[in-house]
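Note that the coordinates shown come from a computational prediction; the quantities given were computed from them, not determined experimentally. Both ligands and their constituent atoms are indexed starting at 1 by order of listing. Atom set for the values below is all heavy atoms of this structure, side chains included, hydrogens, waters and symmetry mates excluded.
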Amino acid sequence: MFSLAVLSLRLRSSGCHQIRRSVATVVSGNKTSRLVRERLRQQVEDMTGLFSGFRPGLVVLQVGDRDDSNLYISTKLRAAAEIGIEAKHLRLPKTTTQEEVLQNIRSINENQSVHGLIVQLPLDSVNSIDTELITNAVSPEKDVDGLSCINAGKLSRGDLKHCFIPCTPNGCMELIRQTGVSVGGKHAVVVGRSKIVGAPMHDLLLWNNATVTTCHSKTPDLPEQVSRADILVVGVGQAEMVRGEWLKEGGVVIDCGINHIADETKPSGKRVVGDVHYASANQRAGFITPVPGGVGPMTVAMLMENTVQSAQRFLLKNQPKR
Ligand SMILES: NC(=O)c1ccc[n+]([C@@H]2O[C@H](COP(=O)([O-])OP(=O)(O)OC[C@H]3O[C@@H](n4cnc5c(N)ncnc54)[C@H](OP(=O)(O)O)[C@@H]3O)[C@@H](O)[C@H]2O)c1
Ligand SMILES: *[C@@H]1O[C@H](CO)[C@@H](O)[C@H](O)[C@H]1NC(C)=O
Ligand SMILES: *[C@@H]1O[C@H](CO)[C@@H](O)[C@H](O)[C@H]1NC(C)=O
Ligand SMILES: *[C@@H]1O[C@H](CO)[C@@H](O)[C@H](O)[C@H]1NC(C)=O
């Protein structure tokens, strides 16, 4: 169906004489993550049936008591419970030392009933703790956040089958698949190069055979780089920074951003927006993820996926001998 009202509005606002394409298709993380979690629930049920009572185990290690961390952790624990994953929240006090965190990690590494271990970042301790050291102390076989050097190294070399892929970029990839747009041979642009979003996203797109440009705070011509993207993934932490006018017409836009901005019309006085200016971007993109309800729920679903996968690998390695 074609709405004449929308068309005339478009023609006026764009000032162009050609017939413009319609607004972007919304790629729903709410819906896709629900499907993933439902599939995982079934897989866990099968595992439990086959290996009497076996359950995948996940530990979320937290140091301190940050409000945002508490919220993220409760979301993860709820998702795990729904799927049938045995999840445990290990909370260490703010006074915990680096050595104590390491001791806890070592003991969980050796615990056969735990298949996934994540350390909630940032660490909230009164002591100085080397985050990189902590991240790398997690056994690569249980590193379901995919943040250790071993897993990151495998991903950067294209060894995707034998590593854990970080959850946010993995979720972005799943959303890109949902669009039906093939990645091979396309020009992909990633904005941001952090360890949890941008850098692994670059690797994933590269090894899915896209040609990838990665931009960051020192990129001088960001709008121009972005305009070349058939597939654009943004993770910068700057509210609504990427404008619709920058985009290639008909491209795929994946927005990882979670930013709180003031909004007096809301009871809370604020609302959540992405790193992409949605209202202008959806006039130009072919596909776009909303915020909230896009990448956010996919991140949690992918953590569950990695945990179930880790448990499956554990079972394969430890098949009872006949
Ligand atoms: N949906 C989820 O579950 C999820 C998970 C993680 C993060 N996030 C969100 O994703 C966003 C990024 O998170 P992050 O942890 O990757 O952030 P980060 O560690 O702060 O990294 C931001 C990246 O963006 C680059 N950047 C910053 N300002 C820029 C600018 N003006 N132009 C171009 N590049 C710029 C930085 O460049 P330099 O390297 O040069 O400094 C850096 O590489 C945030 O909004 C965060 O809330 C969402
Ligand atoms: C192993 O982990 C499970 C689940 O977190 C816990 O109940 C159990 O006490 C742990 N075992 C040891 C030996 O620490
Ligand atoms: C990428 O290209 C390589 C080399 O042609 C091919 O072997 C591989 O299957 C492709 N990967 C994907 C995910 O399409
Ligand atoms: C996705 O679900 C969240 C939480 O239930 C809700 O706030 C959001 O509006 C939903 N987004 C979309 C696009 O459906």
Side-chain angles (χ1 to χ4, degrees), residues 25-34 55-61 68-69 71-72 75-80 85-90 103-117 120-122 131 142 145-147 166-172 174-175 189-202 213-226 232-243 246 254-261 266 268 271-276 278 282 288-303:
T25 301
V26 177
V27 189
S28 170
N30 283 357
K31 191 171 141 207
T32 307
S33 71
R34 201 179 321 117
R55 291 230 269 158
L58 172 70
V59 171
V60 183
L61 194 161
D68 56 347
S69 292
L71 187 65
Y72 290 136
T75 308
K76 292 168 187 177
L77 296 176
R78 206 176 325 122
I85 293 170
E86 183 99 47
K88 185 176 156 191
H89 182 188
L90 178 57
Q103 274 165 15
N104 275 280
I105 291 175
R106 285 188 209 112
S107 133
I108 299 164
N109 281 345
E110 281 165 19
N111 188 329
Q112 296 264 72
S113 60
V114 180
H115 311 101
L117 165 59
Q120 187 70 38
L121 299 179
T131 301
K142 300 190 180 185
D145 261 343
L147 297 178
C167 303
T168 299
N170 208 9
C172 293
E174 194 62 46
L175 291 174
V189 175
V190 178
V191 190
R193 56 173 166 182
S194 70
K195 284 178 197 154
I196 60 165
V197 184
M201 193 69 234
H202 163 101
T213 303
T214 298
C215 305
H216 47 77
S217 66
K218 300 292 182 289
T219 301
D221 54 348
L222 190 60
E224 192 187 322
Q225 296 297 338
V226 166
L232 176 70
V233 182
V234 186
V236 288
Q238 308 275 338
E240 302 180 321
M241 187 189 77
V242 172
R243 314 299 297 186
W246 300 4
I254 307 289
D255 185 355
C256 301
I258 302 176
N259 308 289
H260 298 270
I261 62 168
K266 294 278 149 67
S268 61
R271 80 191 147 98
V272 176
V273 297
D275 292 341
V276 175
Y278 189 88
N282 84 340
I288 191 166
T289 58
V291 177
V295 174
M298 290 305 294
T299 298
V300 179
M302 293 297 113
L303 175 64

Looking at Pro290, which atoms of ligand 4 are within less than 4.0 Å of one of its heavy atoms?
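Answer, ordered by atom number: 13 (C).
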Below 4.0 angstrom from a heavy atom of Gly293, which ligand 4 atoms are there? Numbered from 1 as shown, please.
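In order of number, 1 (C), 11 (N).
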Look up atom [atom1] in [X] and atom [atom2] in [Y], then write down how far apart they are to the nearest 0.5 Å.
| X | Y | atom1 | atom2 | answer |
| --- | --- | --- | --- | --- |
| Arg55 | His115 | CZ | NE2 | 12.0 Å |
| Leu90 | Ile105 | CG | CD1 | 10.0 Å |
| Ser217 | Gln238 | OG | CD | 9.5 Å |
| His260 | Arg271 | NE2 | CZ | 12.5 Å |
| Asn259 | Asp275 | CG | CG | 5.0 Å |
| Met241 | Leu222 | CE | CG | 5.0 Å |

So if I count the atoms of ligand 1 from 1 in the order they appear, which ones are less than 4.0 Å from some heavy atom of Asp275?
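Numbered from 1, ligand 1 contributes 11 (C), 45 (O).
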Please list, in number order, the atoms of ligand 1 under 4.0 Å from a heavy atom of Gly257.
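By the 4.0 Å cutoff, the relevant atoms are 45 (O).
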Between [options], flag the one that comes closest to [atom] by a heavy atom.
| atom | options | value |
| --- | --- | --- |
| atom 44 (C) of ligand 1 | Gly237, Cys256, Gly274 | Gly237 |
| atom 16 (O) of ligand 1 | Pro297, Ser194, Gly198 | Ser194 |
| atom 6 (C) of ligand 1 | Val300, Ile196, Val242 | Ile196 |

Can you tell me which residue and heavy atom of the protein come closest to [atom], and the distance to 0.1 Å?
| atom | result |
| --- | --- |
| atom 32 (N) of ligand 1 | Leu222 CD2, 3.9 Å |
| atom 3 (O) of ligand 1 | Thr299 OG1, 2.9 Å |
| atom 34 (N) of ligand 1 | His216 C, 3.1 Å |
| atom 41 (O) of ligand 1 | Ser217 OG, 3.7 Å |
| atom 28 (N) of ligand 1 | Gln238 NE2, 3.4 Å |
| atom 7 (O) of ligand 4 | Pro292 CG, 4.3 Å |
| atom 31 (N) of ligand 1 | Met241 SD, 3.4 Å |
| atom 7 (C) of ligand 1 | Val197 CG2, 3.8 Å |
| atom 14 (O) of ligand 2 | Asn111 ND2, 3.5 Å |
| atom 4 (C) of ligand 1 | Thr168 OG1, 3.9 Å |

Run the numbers for me: atoms of ligand 2, each under 4.0 Å from some heavy atom of Lys88, listed by number.
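Those qualifying, in numeric order: 5 (O).
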Using a strict 4.0 Å cut-off to heavy atoms of Val114, name the atoms of ligand 2 that fall inside it.
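Listed by number with element, the hits are 2 (O).
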Does the side chain to side chain contact (heavy atoms under 4.5 Å, CB included) test come out yes or no for Asp145 and Leu303, once each step is laid out?
CA-CA 7 Å; Asp145 261 343; Leu303 175 64; 3.9 Å; yes
Does the protein place any heavy atom closer than 4.0 Å to [atom]?
| atom | result |
| --- | --- |
| atom 12 (C) of ligand 4 | yes |
| atom 2 (O) of ligand 2 | yes |
| atom 5 (O) of ligand 4 | no |
| atom 9 (O) of ligand 4 | no |
| atom 20 (O) of ligand 1 | no |

Using distance alone, decide if ligand 4 has a nitrogen or oxygen within less than 3.5 Å of any nitrogen or oxygen in Asn30.
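Between Asn30 and ligand 4 (N or O atoms, distance only) the closest approach is under 3.5 Å.
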Over all atoms of both residues, closest heavy-atom pair of [X] and [Y]:
| X | Y | result |
| --- | --- | --- |
| Cys256 | Val233 | SG-CG1, 4.0 Å |
| Lys76 | Val300 | CA-CG1, 4.2 Å |
| Asp255 | Thr289 | N-OG1, 2.9 Å |

Does [X] approach ligand 1 within less than 4.0 angstrom via side chain, backbone, both or neither, non-hydrogen atoms only?
| X | result |
| --- | --- |
| Met298 | neither |
| Thr219 | neither |
| Val236 | both |

Just so I know, are the side chains of [X] and [Y] near enough to count as touching, which here means a heavy-atom distance under 4.5 Å?
| X | Y | answer |
| --- | --- | --- |
| Tyr278 | Val291 | no |
| Val295 | Cys172 | yes |
| Val191 | Val226 | yes |

Where do Val60 and Tyr72 land on the side chain to side chain contact (heavy atoms under 4.5 Å, CB included) test, with the steps shown first?
CA-CA 11 Å; Val60 183; Tyr72 290 136; over 6 Å; no
Evaluation steps, side chain to side chain contact (heavy atoms under 4.5 Å, CB included), between Val189 and Cys215:
CA-CA 7 Å; Val189 175; Cys215 305; 4.0 Å; yes
Check: Lys142 side chain, Val114 main-chain N or O, donor-acceptor pair, under 3.5 Å
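Judged by distance alone, yes, a pair lies under 3.5 Å.
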Quick check: Ile258 and ligand 1, any N/O pair under 3.5 Å apart?
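Between Ile258 and ligand 1, an N or O pair is found under 3.5 Å apart.
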Counting both backbone and side chain atoms, is some N or O of Arg193 under 3.5 Å from an N or O of ligand 1?
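Right, the criterion is met.
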Is there a heavy atom in Lys195 that sits closer than 4.0 Å to ligand 1?
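It does not; every heavy atom stays at 4.0 Å or beyond.
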Would you say Gly296 contacts ligand 1, with heavy atoms under 4.0 Å as the rule?
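Yes, Gly296 has a heavy atom closer than 4.0 Å to ligand 1.
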Quick one: does ligand 2 sit under 4.0 Å from the side chain of Ile108, the backbone, both or neither, non-hydrogen atoms only?
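For Ile108, no heavy atom sits under 4.0 Å from ligand 2.
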Is the closest heavy atom of Ser113 to ligand 2 under 4.0 Å?
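The answer is yes, since Ser113 has a heavy atom less than 4.0 Å from ligand 2.
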